[in-house]
Structure formats: C-alpha cells, structure tokens
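Inspection log for the structure reproduced underneath, given as structure tokens.
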Amino acid sequence: MRSAIVTGVSRGIGRAICQMLLDDGWQVLGVSRSEPRSISRERFTWWQWDVGTSLRPLSGNYDALICCHGSQVPVGPIADSDEDAWAQSIQTNLVGTYRIVKAALPSLKHSEDARILLYSGGGAFSPRPRFTAYGCSKAGIVALGESLAGELPPNVTVNVIAPGYVAT
C-alpha cells in the first residue's frame, strides 16, 4: 500500500488531496494545526503539528510528501505591516516546508518512486501587492523545490505547482 504525508489537511487543498488519496487506497498521515473534519478515518492518521514552529521526527515508510499548509497574513501595505506577523508567515510557509521536507526525506529515500509536491502560489511568479510575506515565502518554496530536485537521488521526484486562487 502506498503512503503519503499531507500537510494542511484541516481544510482547502490539503483536505481535498488527503481525501482523494484515501479514496484511491493510500495510507495518509495528515498534518495540520487544527483537526480536520469530514475526512474518512480508515487508513488516516492525524498529527497536530505546526510545521512553522518545530521540527518533528517522522517514522515509517512514505512514498509521497504533499505540502499544502500556508498562511497569507499579514495582508496590507508593507509600511503598515506587523513585523512579527510578517516573519511568522515566512516561518510557516517557507521554514515549515523546509522542516517537513527534512523530516520526511529519510523515509522518502527508501521508496522506489518517491514524490515531493510543494505548493507555491500567488506572488511567486508575479507581484502580489499587500501580500508581501506570502509572495516572498512562496517564491522561496519555488527555489527550495528547484534546489531539492537537483540534490536528491533519482528515485525522489520534486515538483512545485501554483494552482491559482482557491477559496479556502
């Protein structure tokens, strides 16, 4: 049975991907700050984990890591933004992605055909006024994914996608 780690499973894209994988017969470890609702619990384990605040060791064998977590705050002109909120957005989006990738790599390297899917977003490829922390963090995720793709063994494929606006 194939297994995946999915972050941001409490809502939006993360919850939808988690449920799709479960429907397709995957074993899923779901990671989020708040407990997800309406996810089938068969073959699903949930960890409450804010990836932006700590590195947590993972055990088990996984074939995929799908990073869907994210924060868009603060919203507004950079001149009016709160420094701590701005830094926290970078911490959650970019540093949190680094942390979960680092935690998952030992397991993924054992898979014959591992996948890492990172979600980028608005601001990574074009300006996103009033969402500077979000845009900067998502541009960083693109660079992280490109760098990972160049340094990981051939059995681990890395992709970064920017799906466009999704109302979550």
Side-chain angles (χ1 to χ4, degrees), residues 1-73 88-124 131 133-135 137-142 144-146 148-149 152 155-168:
M1 178 183 313
R2 308 236 334 138
S3 60
I5 303 163
V6 181
T7 67
V9 297
S10 61
R11 62 183 184 196
I13 293 171
R15 182 172 60 199
I17 287 175
C18 178
Q19 190 61 60
M20 180 201 69
L21 290 169
L22 291 168
D23 291 345
D24 285 346
W26 287 63
Q27 179 82 29
V28 177
L29 169 61
V31 175
S32 59
R33 289 181 292 195
S34 54
E35 188 169 6
R37 296 188 184 129
S38 69
I39 289 182
S40 168
R41 297 299 172 159
E42 186 178 345
R43 297 179 322 282
F44 176 73
T45 303
W46 175 66
W47 275 11
Q48 183 176 24
W49 178 15
D50 181 348
V51 295
T53 61
S54 66
L55 180 63
R56 183 173 179 179
L58 292 170
S59 60
N61 295 313
Y62 296 96
D63 301 293
L65 169 63
I66 305 169
C67 295
C68 305
H69 63 278
S71 170
Q72 289 197 39
V73 295
Q88 184 58 48
S89 186
I90 300 292
Q91 190 74 16
T92 297
N93 297 343
L94 180 56
V95 177
T97 299
Y98 155 80
R99 284 187 175 131
I100 189 72
V101 166
K102 183 174 180 169
L105 276 178
S107 174
L108 292 169
K109 287 180 180 179
H110 292 291
S111 174
E112 291 180 17
D113 185 27
R115 305 285 186 205
I116 297 175
L117 179 60
L118 307 178
Y119 272 80
S120 180
F131 290 84
Y134 180 78
S137 66
K138 294 302 184 169
I141 288 171
V142 172
L144 174 63
E146 291 172 343
L148 281 171
L152 294 179
N155 66 307
V156 183
T157 300
V158 180
N159 288 292
V160 181
I161 63 170
Y165 176 76
V166 177
T168 56

Give the table of side-chain donor-acceptor pairs shorter than 3.5 Å for residues 26-34, with sequence neighbours excluded, one pair per line with atom names and distance.
residue, atom, partner, partner atom, Å
Q27, NE2, R43, O, 3.3
S32, OG, S34, O, 2.6
S32, OG, W46, NE1, 2.8

How far does [atom1] of [X] sit from [atom2] of [Y], to the nearest 0.5 angstrom?
X: Y98; Y: L148; atom1: OH; atom2: CG; answer: 10.5 Å
X: L58; Y: L108; atom1: CG; atom2: CG; answer: 9.0 Å
X: L21; Y: F44; atom1: CG; atom2: CZ; answer: 11.0 Å
X: Q72; Y: S137; atom1: CD; atom2: OG; answer: 9.0 Å
X: Q48; Y: S10; atom1: CD; atom2: OG; answer: 10.0 Å

Would you name the heavy atoms of [X] and [Y] that are closest together and state the gap between them?
X: C18; Y: I39; answer: SG-CD1, 3.9 Å
X: R56; Y: A103; answer: O-CB, 3.4 Å
X: N93; Y: G70; answer: OD1-CA, 3.0 Å
X: K138; Y: S120; answer: O-OG, 3.2 Å
X: Y134; Y: S71; answer: CD1-O, 3.3 Å
X: C68; Y: I13; answer: SG-CG2, 4.0 Å

Residues two or more places apart in sequence or in another chain: which of them pass salt bridge (Lys or Arg N to Asp or Glu O under 4.0 Å) with [X]?
X: D23; value: none
X: R37; value: none
X: R2; value: D63
X: E146; value: none

*Among I5, L55, L118, which one satisfies side chain to side chain contact (heavy atoms under 4.5 Å, CB included) with I100?*
I5
Side-chain heavy-atom pair [X], [Y] within 4.5 angstrom cut-off:
X: L152; Y: L105; result: yes
X: Y119; Y: I141; result: no
X: D50; Y: H69; result: no

Between the side chain of [X] and the main-chain N/O of [Y], is any donor-acceptor distance below 3.5 Å?
X: N155; Y: H110; result: no
X: W49; Y: S54; result: yes
X: T92; Y: G52; result: no
X: T7; Y: G14; result: no

*Residues in side chain to side chain donor-acceptor pair (under 3.5 Å) with R115, at least two apart?*
D113, T157
